[in-house]
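Comments concern the structure below.
Protein chains get the first letters and strands the later ones, always in sequence-line order, with residue 1 at the start of each.
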Amino acid sequence: MSKKPEKLDLAAIRKRLENTRGRTFWRSLEELAGSEDFEEMMHREFPRYASEWESVEERRNFLKLMGASLALAGLTACTRQPTEHIMPYVRQPEDLVPGKPLFFATAMPLSGIATGLLVESHEGRPTKAEGNPDHPGSLGACDVFSQASVLGLYDPDRSQALTFEGEIRSWGGFTTALRGALDTQKGKQGAGLRILTETVSSPTLADQIRGVLTSFPQAKWHQWEPAGAHSARSGAQLAFGQPVHTYYNLENAAVIVSLDADFLASGPGSLRYARQFAMRRRVEGGRTEMNRLYVLEPFPSATGTKADHRMPVKAAEVEAFAWALAKGLGVDVGAQAPSSAAFAKWGGPIIRDLQNHRGAGLVIAGEQQSPAVHALAHAMNQALGNTGKTVFYTDPVEANPVDQVASLRDLVKDLDAGAVDLLLIVGGNPVFTAPVELGLKDRLKKAKLRVHLGLYEDETSAVCQWHLPEAHFLEAWSDARALDGTVSIMQPLIAPLYRGKSAHEVITMLTETPERSGYELVKSYWQSQHKGADFEQWWRRSVHDGIMDGSALPPKTVALKTGWAAAAAPPKPAEGLEVVFRPDPGLYDGRFANNGWLQEFPKPVTKLSWDNAAFLSPATAARLGLNTGDLVELRYGGWKVRAPIYVQPGHADGSTTLHLGFGRYRCGHVGDGVGFSAYGMRTADALWRDAGLEMAKVGGGYPFASVQNFHILEPERHTVRMADIQDYRKNPEVVHEGAEVPPRSLTLYPEFKYEGYAWGMAIDLNACTGCGACMVACQAENNIPVVGKDQVRRGRDMHWIRVDSYYSGSPETPEIYNQPVPCQQCENAPCELVCPVQATSHSSEGLNDMVYNRCVGTRYCSNNCPYKVRRFNFFLYSDYTTPSLTLLHNPDVTVRSRGVMEKCTYCVQRINYAKIEAEKQNRRVRDGDIQTACQASCPSEAIVFGDINDPNSRVSKMKAEKRNYGLLAELNTRPRTTYLATLRNPNPEIES
Amino acid sequence: MPDEQDLLQAEPPKREIIGTGYTFGTVTDQIASVVLTKRTPLFWFASFAVGFGLLLVFLWSVVLLLAKGVGIWGIRMPVAWGFAITNFVWWIGIGHAGTLISAILLLLNQQWRNSINRFAEAMTLFAVASAGMFPLLHLGRPWLFYWLFPYPNSMAVQPNFRSPLVWDVFAVSTYATVSLLFWFVGLLPDLATLRDRSTHRLPRFLYGILAMGWRGSARHWASHEVASLLLAGLATPLVLSVHTVVSFDFTIAIVPGWHSTFFPPYFVAGAIYSGFAMVLVLAIPLRKVYGLEGLITLRHLQNSAKVLLATGLIVAYSYVMEQFMAWYGGNT
């Protein structure tokens with residue numbers, strides 16, 4: 001083994017970069033430093049630790065993993081598939097034609113905000129979530145969480161039985177026990193009754209809980225949402241003196257300043273914002289106007305990759321910058337005398353830019369920032385006249401906006417006082433997620449009777465006597481509000497798999513006998529709201545459409561409270577190392593920890609899968625003598641956590657980012673013990689960030705599974721092309737500088753003729769945010785298995801579409817580029833040539849068809865693929881045996897067995913479906929009839945698919961753009977997937 | 001270990017291939033006694049045990065492979081070949097010496113080949129058999145290997161003749177067939193000799209079957225001569241073509257570092273180099289333990305060493321050029 005350099009050699013990296021001319025792209029620090037490890041990795045045919053799979057421990061890990069998200073049915077040679085019997089319906093259900101999927105509108109709530117979905121159902125089993133185009137929070141797109149929700153539904157690790165102290169009981173047994181406890185409470189007016197929920201935006205649930213509080217006036221309702229909008233809530237309270245919900249309209253925004261806000265890829269509304277943001281970046285059809293985005297953030301987020309100017313600064317520095325910017329924009333900031341180095345550099349140009357775009361500018365504060373920054377953003381937007389144009393205020397979307405930290409503290413006080421007789425925890429996992437110093441794990445035991453309703457037997461269930469299996473949102477009736485307040489009725493797609501009950505059905509047990517079903521509860525609530533005679537019709541329409549017409553909260557005008565600036569806490573001094581907590585892009589607050597798709601999904605920018613890390617900037621890492629893979633002990637305020645270091649280019653100096661959600665110890669086979677828990681040092685006073693972190697190295701050699709260097713292409717081959725918009729306006733060819741395309745005659749074989757359709761794809765890199773929704777969408781659509789960290793580390797990840805990250809510039813302040821890479825479907829395909837059995841061959845429509853049952857597994861096609869988009873089943877990765885997971889599979893896509901190559905098919909099943917439908921109607925497939933799974937999920941509409949034989953199709957028009965180029969086109973592969981070069985719109989006043 | 005003086009003395013006179021004093025009779029006696037000996041020497045059992053042990057390891061590995069999949073080899077993307085293909089190329093290379101010695105040297109009338117050609121051919125056969133296994137085991141679904149052959153089938157699907165792997169199938173199977181025939185034809189008189197000399201009924205019967213009625217008549221010898229020459233003519237191009245085709249597996253691909261025009265001569269030279277090395281590895285102990293120093297003389301070893309030197313230089317040149325091309329092509 002070659003020895004890893006102990007420290008990052010920053011000087012060498014800089015020198016290397018200085019010696020290059022023009023714009024150079026790089027993939028990772030290891031590459032830049034020319035480190036031995038990187039060189040070796042790139043040149044080794046086998047990764048170092050790839051040689052065996054023999055140790056019992058490794059095998060056990062693999063098996064363990066399979067148990068839940070995939071399963072190794074045939075570790076014993078047997079890849080024979082189980083016999084299945086097909087039985088006809090005795091009575092055919094209405095609307096159901098076997099083989100023809102139905103779509104039902106529902107919504108997925110996350111932190112109280114709903115994303116509207118259309119869920120595909122095959123013979124009664126939901127298999128795939130798509131965005132609901134009518135829903136304001138989705139606009140037809142879908143995020144990774146909702147994509148992965150179907151796997152969550154079928155997760156075999158979900159709690160399958162109601163238990164009392166670990167023993168299986170019946171629902172009847174529980175209601176009896178509950179009645180007994182409630183009878184005692186009736187006498188005390190519910191003084192000992194506490195309900196702890198997550199953020200609730202469901203009008204029905206809120207009404208139910210209020211009903212309970214009326215029956216038990218002394219009872220209390222607490223809320224805790226670990227990754228909720230705590231700062232935004234407090235910020236609005238600070239600025240306006242009342243709880244106000246904020247949302248944006250980026251379609252009207254020409255200049256956007258993001259104060260540590262990852263509005264394009266995380267948090268409620270990101271789907272909508274990404275769509276609107278990309279609309280302002282469509283340099284097409286002669287339009288060359290673009291919005292401009294400034295981002296100040298400590299951690300390189302997906303939003304940061306789209307920034308025209310991105311400055312990595314500590315989170316505390318963002319706050320100082322916000323004060324200075326507000327002052328510069330003429331906001332009355334009271335006695336604050338902000339000083340900010342970032343402002344000295346960028347303040348003037350940004351202020352002028354914002355002021356030149358009054359009413360078309362936008363300042364967005366991120367959740368990781370303090371309430372003061374949110375208040376400042378409100379004040380700046382008001383001062384710039386953006387309200388009502390780019391910023392909208394409404395009444396709160398959540399049903400009961402309270403300071404959740406205070407609410408939790410209140411609960412703890414009552415627990416300590418022994419005042420809690422009956423604690424009902426409805427959803428959530430507070431034992432794992434609550435601020436660490438509250439010590440809920442022990443304190444909860446002070447409640448006499450503890451009941452936990454949850455999808456899993458998790459950390460919280462372990463300290464509660466009763467565990468109730470919760471119905472997944474795809475199994476239950478409910479309702480929820482979108483980011484603009486629009487109500488969606490959530491309808492179930494399937495009867496509860498494990499006889500779980502929804503929150504509605506459990507809350508109703510407190511007040512009603514006999515209990516009503518979730519359907520009755522939701523419907524009767526809305527009947528009380530919509531009293532007209534047309535209720536039935538209105539209700540059916542609302543359920544069908546997935547949105548309730550006219551239920552959006554009206555925008556309201558709010559005025560800044562006088563003296564808010566004086567009331568705002570002054571910026572905390574930014575001394576010492578800073579720690580910033582973020583919800584994970586895959587696991588969120590930890591609730592998705594047992595979801596293999598989300599664990600394996602490589603996170604935007606870092607490309608890390610199956611892990612979180614303590615992220616450091618190269619300079620800070622060098623100063624501390626640390627490098628990627630070192631294990632450190634983080635110490636903060638008496639709390640200690642062990643974490644591996646990951647050096648991330650573009651991270652702010654002096655700051656560490658920790659992602660929440662990992663380190664679960666009771667979540668299931670997939671997520672147990674993956675990563676470390678950042679909750680271990682997250683306190684109520686510093687939910688998102690604080691200074692004063694210390695770290696000490698305790699070891700090294702932590703193995704990360706980052707796919708960044710595995711399949712990614714040589715950047716010097718013009719794989720990513722970009723230009724500044726000013727240069728592009730002058731000469732659009734500037735993006736292709738240095739690239740070459742060989743003449744079409746350079747082949748021995750006759751050209752293919754495409755007489756009917758010719759399918760093609762165009763990917764607008766200017767729109768792509770790198771959020772990764774396409775990867776999970778593809779996984780769901782195409783039955784792509786999960787392989788586990790160990791296999792990912794060996795370069796055997798199975799994603800058919802990947803998102804590569806390229807950096808350019810210095811490691812401290814790089815520009816970051818995203819590039820989704822599906823199969824390029826070459827017209828001159830190197831893979832087709834070399835397959836000995838014609839298992840991959842050219843279709844009459846230009847697809848490189850992959851014939852799984854013909855494939856013998858020589859892997860020659862993969863060797864010969866210059867794009868490295870082919871994936872091989874080295875083992876039996878697909879699950880043929882876990883009963884619940886077989887329900888998950890898309891019946892239109894073959895489940896691949898061991899020893900078979902697979903790759904992106906352009907969703908050929910969708911193409912054929914549309915072709916059959918078109919043929920039935922005796923017409924051609926219309927543009928837009930076919931949406932590939934990645935395209936459908938893409939929030940920024942970066943991926944466009946269609947018929948390139950039709951010059952009027954959207955994809956043909958995009959391919960006709962000057963920015964259009966083929967990846968590695970110099971190899972004469974003539975890819976059908978092409979890219980539109982990305983453009984930046986830098987402020988000429990700012991030196992880059 | 002004899003000193004240099006001894007070695008020089010042991011060298012047969014010029015133009016003589018084997019040691020002095022040998023007649024047809026004594027040569028036959030000596031060789032036949034190796035096979036027809038009453039007491040199989042202990043070292044034979046020891047070597048057999050080692051070989052058999054290795055075979056068991058191989059069988060166990062194959063079972064493991066079929067049970068789990070090719071992932072156990074640690075191969076991965078982006079270069080999804082490894083263990084099996086390396087072995088395939090290696091074994092094919094080993095096989096080259098036998099054909100070279102029997103075919104090309106026969107055509108060139110190099111008499112000295114006669115001492116070593118038979119066991120070199122045997123080595124070739126076993127090497128090709130070993131080589132043939134690896135591409136099959138290499139498959140993700142080895143049980144479907146026959147799909148690589150063009151055979152009439154109800155699916156009306158044929159292999160893809162554009163793929164170098166299909167060329168491999170033809171190259172290797174032709175090579176195996178011709179090598180087998182060559183070996184067997186050459187072996188006929190020897191089998192007849194063994195038939196005539198064995199004292200037990202069973203060996204006599206078996207050798208009799210294998211000798212195919214050889215009686216050593218002048219007619220037989222004349223036909224034998226013609227057949228050998230014809231087969232040599234067939235096998236000669238194979239010496240060059242088989243490894244050239246194997247190298248096409250790499251050169252046809254557009255993988256940087258593989259896509260290269262000098263791979264065919266590089267592979268062929270490498271094959272002959274390693275093949276002759278293997279001949280020596282086998283010949284040196286053989287002549288010692290069976291006392292065949294008079295038949296496989298230092299002259300043979302020297303000639304083999306010359307071939308080794310020549311091909312070794314070609315291979316060295318290829319290594320240098322490979323690095324140079326990588327550097328020149330900016331693919332370092």
Side-chain angles (χ1 to χ4, degrees), chain A residues 39 43-47 49-54 72 74-79 710-711 714 716 749 791 794-797 830 832-841 851 854-866 868 870-877 897-901 971 973, chain B residues 63-86 135-150 155 157-170 248-250 252-259 326 330-332:
Chain A
E39 293 295 318
H43 288 113
R44 262 180 94 105
E45 290 194 354
F46 322 111
Y49 24 78
S51 39
E52 73 318 294
W53 187 52
E54 282 315 298
L72 193 68
L75 199 70
T76 50
C78 178
T79 52
F710 275 171
H711 311 292
E714 294 274 339
E716 56 265 37
Y749 298 105
Q791 296 290 304
R794 292 169 188 197
R796 293 173 181 169
D797 47 312
E832 290 170 6
L833 179 73
V834 297
C835 176
V837 293
Q838 306 207 30
T840 184
S841 47
V851 191
R854 178 72 180 166
C855 178
V856 297
T858 67
R859 312 186 285 289
Y860 202 170
C861 52
S862 167
N863 279 354
N864 215 26
C865 175
K868 298 301 160 207
R870 288 177 161 266
R871 301 286 177 264
F872 186 68
N873 289 277
F874 287 96
F875 294 112
L876 185 62
Y877 293 133
S897 182
R898 193 188 96 194
V900 172
M901 190 63 74
L971 296 174
T973 51
Chain B
V63 168
L64 202 67
L65 175 75
L66 295 180
K68 290 184 175 179
V70 291
I72 58 169
W73 286 334
I75 47 178
R76 61 144 192 166
M77 303 300 169
V79 182
W81 287 355
F83 184 77
I85 294 294
T86 317
L136 307 186
L137 296 174
H138 153 85
L139 296 180
R141 303 199 287 171
W143 48 93
L144 298 176
F145 72 92
Y146 59 93
W147 284 358
L148 271 78
F149 295 96
M155 298 180 285
V157 187
Q158 292 299 319
N160 176 11
F161 290 99
R162 293 196 294 169
S163 168
L165 288 185
V166 173
W167 308 345
D168 264 4
V169 170
F170 290 104
F248 285 165
D249 289 351
F250 304 94
I252 297 292
I254 58 170
V255 181
W258 286 11
H259 189 63
N331 186 35
T332 47

Top contributor to chain B interface from A:Cys835, A:Pro866, A:Cys865 [non-hydrogen pairs under 4.5 Å]: A:Cys835
Options A:Ser841, A:Pro830, A:Pro836, A:Gly899, ranked by heavy-atom pairs under 4.5 Å with chain B, top entry: A:Pro836
Going from [atom1] on [X] to [atom2] on [Y], what distance comes out if it is rounded to the nearest 0.5 angstrom?
X        : Y        : atom1 : atom2 : value
A:Arg859 : B:His138 : CZ    : NE2   : 4.0 Å
A:Met901 : B:Arg141 : CE    : CZ    : 12.0 Å
A:Asn863 : B:Ile254 : CG    : CD1   : 11.0 Å
B:Ile252 : A:Leu833 : CD1   : CG    : 7.0 Å
B:Ile72  : A:Phe875 : CD1   : CZ    : 7.0 Å
B:Trp147 : A:Thr858 : CH2   : OG1   : 13.0 Å

Closest approach of B:Gln158 to A:Gln838 (non-hydrogen atoms, all atoms of both residues):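 Nearest heavy atoms, B:Gln158 then A:Gln838: O-NE2, 3.4 Å.
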Distance-minimising heavy-atom pair for A:Arg898 and B:Lys68: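 Smallest heavy-atom distance, with atoms named: CD-O, 3.4 Å.
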Chain A heavy atoms under 4.5 Å from [X]: which part of the residue, side chain, backbone, both or neither?
X        : value
B:Leu65  : backbone
B:Asp168 : neither
B:Phe149 : neither
B:Val157 : both
B:Tyr146 : neither

Pair B:Ile75-A:Phe872, side-chain contact (heavy atoms from CB on, under 4.5 Å): steps then yes or no: CA-CA 10 Å; B:Ile75 47 178; A:Phe872 186 68; 5.8 Å; no
Polar side-chain atom of A:Arg794 near backbone of B:Gly71 as donor-acceptor pair, under 3.5 Å: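 Not a single qualifying donor-acceptor pair exists.
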A:Tyr860 and B:Trp81 aromatic centres sub-6.0 Å: yes
Step-by-step side-chain contact (heavy atoms from CB on, under 4.5 Å) determination, B:Asn160 to A:Val837: CA-CA 5 Å; B:Asn160 176 11; A:Val837 293; over 6 Å; no
Largest heavy-atom contact set with chain A, pairs under 4.5 Å, which of B:Val70, B:Leu144, B:Val166: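 Most pairs with chain A among the choices: B:Val70.
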